[in-house]
Amino acid sequence: MKVWEFVKVDGANVRIDGGLRDAVGLVDGGYVYSTLFEYRGDGAKMYELILSAFPQETYRTLTHVTIYMRDVPGATAQAAKFLGSRTVNILNSTSLNAISDTIIIWKMLVDLSFAGEADILAETFRALKDSGDPSVSKLDHIEIKPADIGRVFRSKTADNHKVEVRQGAPVTVAGDVFDTSVEYADVLTDVDGSTAMLVVDPESWMLSITFLKKDTKLVNMTFSIPDCPGSIQQVVDLLASENVNLISVFSKVKICYQTMTLDINADLGACRLSTDDMRKELPKALDKMNGVFELIGYKILN
């Protein structure tokens, strides 16, 4: 699943595609919580906004719970009762019939603020199963792991230091636009006309907005390449030799063991070739590769 997009900032407004908003649970009229980070390196500053439908104070207790249950009537109700009776607050979830008439998998993001530790919840379930308690008779097993959303607040390496600038007050989502000026007008003073990269973290239900540098030369390149070991390496090695900075890579098989599509978003800001020259030179370089490589799309994004 493609979980990123690039948009032009209009004034202070960042337009968020409906699919990306849905993926993280940001709805029109609902609250969005935000945190602004600053990255410092080589004398330059870059900013990243993290948007979430959940307030920052709940991050420590957000947890991933997966329940495997029999594909029979009442199984989901039994799972919901097991969690609800132990004050587990189910937030976002998805249920999938993995094997028809056999098993259902219910994956969810929950808040354990009132339920205590995850280990206690898992031990309680195991004890009920071991004793043959009918309250979990339709449930098979449960997996619990921390959402670890707090990782976004950790500093990175000294060469690319990450500093939390501010946690914004909750802002109401209006349509498909996030207005950065409401909470960050004094910091994000020069984002008008810049390119922003939007990335969804499906596991954590978060949206990252990174404001790219003004001298970024962003292009999208789509290749048709052989579906075999080493094909992707040949393409990315070629781009690296031209000092192209890869931002995102997306691959998808078209015909198994024959062809696949490789979609790359990249910054040509430090490349020795101009964006137009790169468009002309890529097909020539691909012709020299071992296999059938073709440039099927090339679009300048900013």
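These values consider heavy atoms only, across backbone and side chains, with no hydrogens, waters or symmetry-generated copies.
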Using the rule given for side chain to side chain donor-acceptor pair (under 3.5 Å), can you reason through Asp71 versus Thr102, listing the C-alpha separation, both sets of side-chain angles and the distance that settles it, and then say yes or no? CA-CA 5 Å; Asp71 185 9; Thr102 303; over 6 Å; no
Just do the side chain to side chain contact (heavy atoms under 4.5 Å, CB included) check on Arg126 and Glu123 with the steps written out, would you? CA-CA 5 Å; Arg126 282 194 295 268; Glu123 291 170 4; 3.3 Å; yes
Set out, in order, the CA-CA distance, both residues' side-chain angles and the distance that settles side chain to side chain contact (heavy atoms under 4.5 Å, CB included) for Val88 and Leu121, then state yes or no. CA-CA 9 Å; Val88 175; Leu121 186 65; 4.1 Å; yes
Please lay out, stage by stage, how Leu198 and Val7 fare under the test side chain to side chain contact (heavy atoms under 4.5 Å, CB included). CA-CA 8 Å; Leu198 281 57; Val7 299; 3.7 Å; yes
Before giving the answer on side chain to side chain contact (heavy atoms under 4.5 Å, CB included), spell out for Lys107 and Thr66 the whole-Å C-alpha distance, their side-chain angles and the decisive distance to 0.1 Å. CA-CA 4 Å; Lys107 295 185 176 183; Thr66 303; 3.8 Å; yes
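A side-chain donor-acceptor contact under 3.5 Å links Thr87 to the backbone of Phe114. Using modelled atom types, no side-chain atom of Asp179 and backbone atom of Asn13 make a donor-acceptor pair closer than 3.5 Å. Put simply, the side chain of Glu5 never gets that close to the backbone of Ile16: no donor and acceptor are under 3.5 Å apart. In this structure a side-chain-to-backbone donor-acceptor pair under 3.5 Å is missing from Arg70 to Ala75. Side chain of Glu281 to main chain of Asp276: no donor-acceptor pair is present (N/O by atom type, distance under 3.5 Å, no hydrogens or angles). Side chain of Thr58 to main chain of Phe54: no donor-acceptor pair is present (N/O by atom type, distance under 3.5 Å, no hydrogens or angles). Side chain of Thr189 to backbone of Asp186: no donor-acceptor contact under 3.5 angstrom is found. With hydrogens and angles ignored, the 3.5 Å screen pairs a side-chain donor or acceptor of Ser131 with a backbone N or O of Ala127. In this structure a side-chain-to-backbone donor-acceptor pair under 3.5 Å is present from Tyr184 to Gly168. Formation of a donor-acceptor pair under 3.5 Å by the Tyr298 side chain with backbone atoms of Thr275 is found in this model.
For the residue pair Trp106 / Ser93, a side-chain donor-acceptor distance below 3.5 Å is found, with atom types taken as modelled. In this model, a donor atom of one side chain and an acceptor atom of the other lie less than 3.5 Å apart for Asp111 and Ser113. A donor atom on one side chain and an acceptor atom on the other are found under 3.5 Å apart for Asp133 and Ser135. Checking Gln167 against Thr35 by side-chain atom types alone, no donor-acceptor pair falls below 3.5 Å. When only modelled atom types and interatomic distance are considered, Tyr39 and Glu48 share a side-chain donor-acceptor pair under 3.5 Å.
Between Thr124 and Arg86 there is a side-chain heavy-atom pair separated by less than 4.5 Å. Asp140 is not listed as a side-chain neighbour of Met69, based on a closest heavy-atom distance of 4.5 Å or more. Annotation: side chain of Ile90 is in contact with side chain of Leu83 (closest heavy-atom distance under 4.5 Å). In this structure, Leu262 and Val249 have side chains that are in contact, with non-hydrogen atoms separated by less than 4.5 Å. Side chains of Arg279 and Ile300 form a contact here, defined as non-hydrogen atoms less than 4.5 Å apart. Put simply, the side chain of Leu286 does not reach to within 4.5 Å of the side chain of Glu294, judged on heavy atoms. Side-chain atoms of Tyr68 and Glu143, non-hydrogen and from C-beta on, do get closer than 4.5 Å to each other. Considering only heavy atoms from C-beta on, Ser251 comes within 4.5 Å of Ile232 through its side chain.
Annotation for Phe6: atom CZ counts as buried by contact number, over 12 foreign heavy atoms lying within 6.0 Å. Remark: Asn290 CG is loosely packed, at most 12 non-hydrogen atoms of other residues, nucleotides or ligands lying under 6.0 Å away. Atom NZ of Lys8 has more than 12 heavy atoms from other residues, nucleotides or ligands within 6.0 Å. Around the NZ atom of Lys129, the shell of radius 6.0 Å holds more than 12 heavy atoms that belong to other residues, nucleotides or ligands.
Ring planes of Phe250 and Trp4: perpendicular class, angle over 60° (limits at 30 and 60°).
Scanning all heavy atoms of the two residues, the minimum distance from Gln234 to Met289 falls at O-CE, 3.3 Å. Across every non-hydrogen atom of Pro226 and Ser231, the tightest pair is O-OG, 2.9 Å. Across every non-hydrogen atom of Met260 and Val253, the tightest pair is CB-CA, 3.8 Å. Taking all atoms of both residues into account, the shortest heavy-atom contact from Asn243 to Ala270 is ND2-O, 3.0 Å. Shown here for Ala147 and Leu109, the closest heavy-atom pair between the two residues is CB-CD1, 4.0 Å. Across all non-hydrogen atoms, the minimal contact from Val24 to Met206 is CG1-O, 3.2 Å.
Residues Val244 and Ile247 fall into different hydrophobic clusters, defined by Ile, Leu, Val, Met, Phe, Trp and Tyr side chains chained together at heavy-atom separations under 4.5 Å. A single hydrophobic cluster is not seen to contain both Leu91 and Tyr33; linkage of ILVMFWY side chains at heavy-atom distances under 4.5 Å, directly or through other members, places them apart. One hydrophobic cluster, built from ILVMFWY side chains closer than 4.5 Å, holds both Val187 and Leu212. The cluster map of Ile, Leu, Val, Met, Phe, Trp and Tyr, joined by side-chain heavy atoms under 4.5 Å apart, puts Val219 and Ile225 in the same cluster. Two different hydrophobic clusters hold Leu273 and Leu301 under the rule that ILVMFWY side chains link at heavy-atom gaps under 4.5 Å.
Atom CG of residue Leu36 and atom CD of residue Glu164 lie 9.0 Å apart, to the nearest 0.5 angstrom. The distance from the CD1 atom of Ile296 to the CZ atom of Phe223 is 9.5 Å, given to the nearest 0.5 Å. Between the CG atom of Leu51 and the OG atom of Ser208 there is a distance of 8.5 Å, given to the nearest 0.5 Å. The OG1 atom of Thr261 sits 8.0 Å away from atom NZ of Lys252, with the distance rounded to the nearest 0.5 Å. In this structure, CG in Leu112 is found 3.5 Å from OG1 in Thr63, a value given to the nearest 0.5 Å. The structure places CG of Leu246 at 7.0 Å from CE of Met221, a figure rounded to the nearest 0.5 Å.
Ion pair Glu183/Arg166 not flagged as a salt bridge, since none of the NZ, NE, NH1 or NH2 atoms sits closer than 4.0 Å to an Asp/Glu carboxylate oxygen.
Aromatic pair Phe37/Tyr47: ring centres not closer than 6.0 Å.
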